[in-house]
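None of the values given here were measured: they were computed from a predicted structure.
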Amino acid sequence: MERKIRRARLEDASAIQAIDGEMGGILGLEISQRPIEYYQDWLRFHRNCKRYPAFVGTSQGKVIWWLALGECPGGYPFDGVATLELGLPERLRDDAELTDLLLRFLEQQAIRLGHYKLMACLDAEQRYLLHTYRRVGFRDVGTLRSHGYRRGKLVDLVVMERLLPTDMKAMEEYYSDRYSFYREYFEGERRRAGDGPSGEEDYTLEYEEVETPEEQLPEGIVRFLRTKKAPDGAAPARHPAAASQEEGTGEEAPPEPVSAEPRLPEGIVRFLKSKKRPDGTLANLELPPVVPVKLSPVQGGRPEAPEEPAPGLEVAPPGQGDELEGQLQFGGVKK
């Protein structure tokens, strides 16, 4: 059976009305049929607006389906986004090959007309149709929960989108030709970029480096800066503010001597001085060792070890710890 597709005409209003009555409108939620005047106005809009055409499929001269690119609500910023409208009777929805061809045909028309995205909204219960849309490149954006009312219950609707190749240069030309405020905007952008004559004066940002006085810096930062050395190992110069106290003498203040020993807490210094090499000698021979002091037990301190072993605990005599290993008894039970 030969099938053809052509632009929809005003005389196709009754055929499209019959198809919608069979499938329940675009979303399948409508029970009552809309009046013929609604479809006539709908066809006039698509006939007069070349950016959003409507098509019908025929077989032996009879209209058997319809499809269209609809206007996306939201005004002129969404001129490049088209909604996909498909009027396919229930008896033809199982024809996956036909559905694929119709969706790809609308995609080709949208690209030719300068659209960069297609949007679709389907009943969540139409799982086979959802799978068909996903197979040709549509992806789920989200699910509108309890968004439609049909035969006494609320139904979910799935929002889908299909991104198309985008020609940003063509979009700039379209918006400039169609909207005067966009033409002025792009002309101003070209002037600012230096592509055209500009009467505006260019300004250069001027700034002055201000050095923070040393007395206003935190102590830790000052100590770090004073101990920092130049690449050649020489001591750094004093901060300019350090010589302010000697102003008027005609002499520069001598640099502050830098201690060779790092300024570390006393406990860490004592630890470093007491470190030994593997052979037992002190690591720092030039520094006096820190001899650990053994404190004697004090009153109220840690109790001294009992002279007698606890009951039930067998203690090995001196020199026999290895022989009695594993023979300790607790409470009379061998462990």
Phe186 ring center near Tyr175 ring center (under 6.0 Å): no

Centroid separation Tyr76 to Phe181 less than 6.0 Å: yes

Minimal non-hydrogen separation, [X] against [Y], with atom names:
X      : Y      : answer
Glu161 : Val141 : CG-CG2, 3.5 Å
Leu157 : Asp123 : CD2-CA, 3.8 Å
Met171 : Thr166 : SD-CG2, 3.7 Å
Leu86  : Leu67  : CD1-CB, 3.9 Å
Gln33  : Gly21  : NE2-CA, 3.6 Å

Distance in Å, Lys4 NZ paired with Ile64 CD1, rounded so as to fall on 0.5 Å steps: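 Taking NZ in Lys4 and CD1 in Ile64, the distance rounds to 12.5 Å.
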
From Arg3 atom CZ to Gln60 atom CD, the distance as rounded to the nearest 0.5 Å: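 Between Arg3 CZ and Gln60 CD, I get 11.0 Å after rounding to 0.5 Å.
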
Decide whether [X] and [Y] are clustered together by the hydrophobic rule: side chain heavy atoms of Ile, Leu, Val, Met, Phe, Trp, Tyr closer than 4.5 Å, transitively.
X      : Y      : answer
Leu129 : Val136 : yes
Leu102 : Leu113 : yes
Tyr128 : Val158 : no

Does any non-hydrogen side-chain atom of [Y] lie less than 4.5 Å from one of [X]?
X      : Y      : value
Cys121 : Met160 : no
Val155 : Tyr149 : no
Leu43  : Arg9   : no
Phe138 : Leu118 : yes
Asp79  : Cys72  : no
Leu84  : Leu103 : yes
Leu69  : Thr83  : no
Tyr116 : Leu163 : no

Give a yes or no on whether the backbone of [Y] and the side-chain of [X] come within a donor-acceptor separation of less than 3.5 Å.
X      : Y      : answer
Arg183 : Ser176 : yes
Asp156 : Ala124 : no
Asp140 : Gly142 : no
His115 : Glu107 : no

Check against side-chain contact (heavy atoms from CB on, under 4.5 Å), Leu98 and Trp65: CA-CA 11 Å; Leu98 174 62; Trp65 74 74; 3.9 Å; yes

For Ala54, all residues meeting side-chain contact (heavy atoms from CB on, under 4.5 Å), sequence neighbours excluded: Ala8, Trp42, His46, Ala68

Listed partners of Asp41 passing side-chain contact (heavy atoms from CB on, under 4.5 Å), at least two apart: Arg44

Cation-aromatic face contact Arg139/Tyr133, 6.0 Å, 45 degrees: no

Residues which pass side-chain hydrogen bond (donor to acceptor under 3.5 Å, both in side chains) with Arg34, listed by chain and number, not counting sequence neighbours: Glu30, Tyr38

Lys153: partners by side-chain hydrogen bond (donor to acceptor under 3.5 Å, both in side chains), with sequence neighbours left out: Glu125

Presence of salt bridge, Arg190 and Glu172, under 4.0 angstrom: yes

NZ/NE/NH1/NH2 to OD/OE distance under 4.0 Å, Arg192 and Glu189: yes

Residue pairs involving residues 11-29 (criterion side chain to side chain donor-acceptor pair (under 3.5 Å); sequence neighbours excluded): Arg6-Asp12, Asp20-Tyr39, Asp20-Trp66, Glu22-Arg91

Phe224, CZ: over 12 other non-hydrogen atoms inside 6.0 angstrom: no

Heavy atoms from other residues, nucleotides or ligands near OH of Tyr185 exceed 12 (cutoff 6.0 Å):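 Atom OH in Tyr185 is not crowded, with 12 or fewer foreign heavy atoms closer than 6.0 Å.
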
Verdict with reasoning, Thr132 to Asp100, per side-chain contact (heavy atoms from CB on, under 4.5 Å): CA-CA 7 Å; Thr132 303; Asp100 285 0; 3.3 Å; yes

Audit row: Tyr174, Arg51, side-chain contact (heavy atoms from CB on, under 4.5 Å) steps and yes/no: CA-CA 11 Å; Tyr174 165 81; Arg51 197 166 176 80; 3.7 Å; yes

Partner residues of Arg47 under the salt bridge (Lys or Arg N to Asp or Glu O under 4.0 Å) criterion, sequence neighbours left out: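 Checked Arg47 against salt bridge (Lys or Arg N to Asp or Glu O under 4.0 Å); zero matches.
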
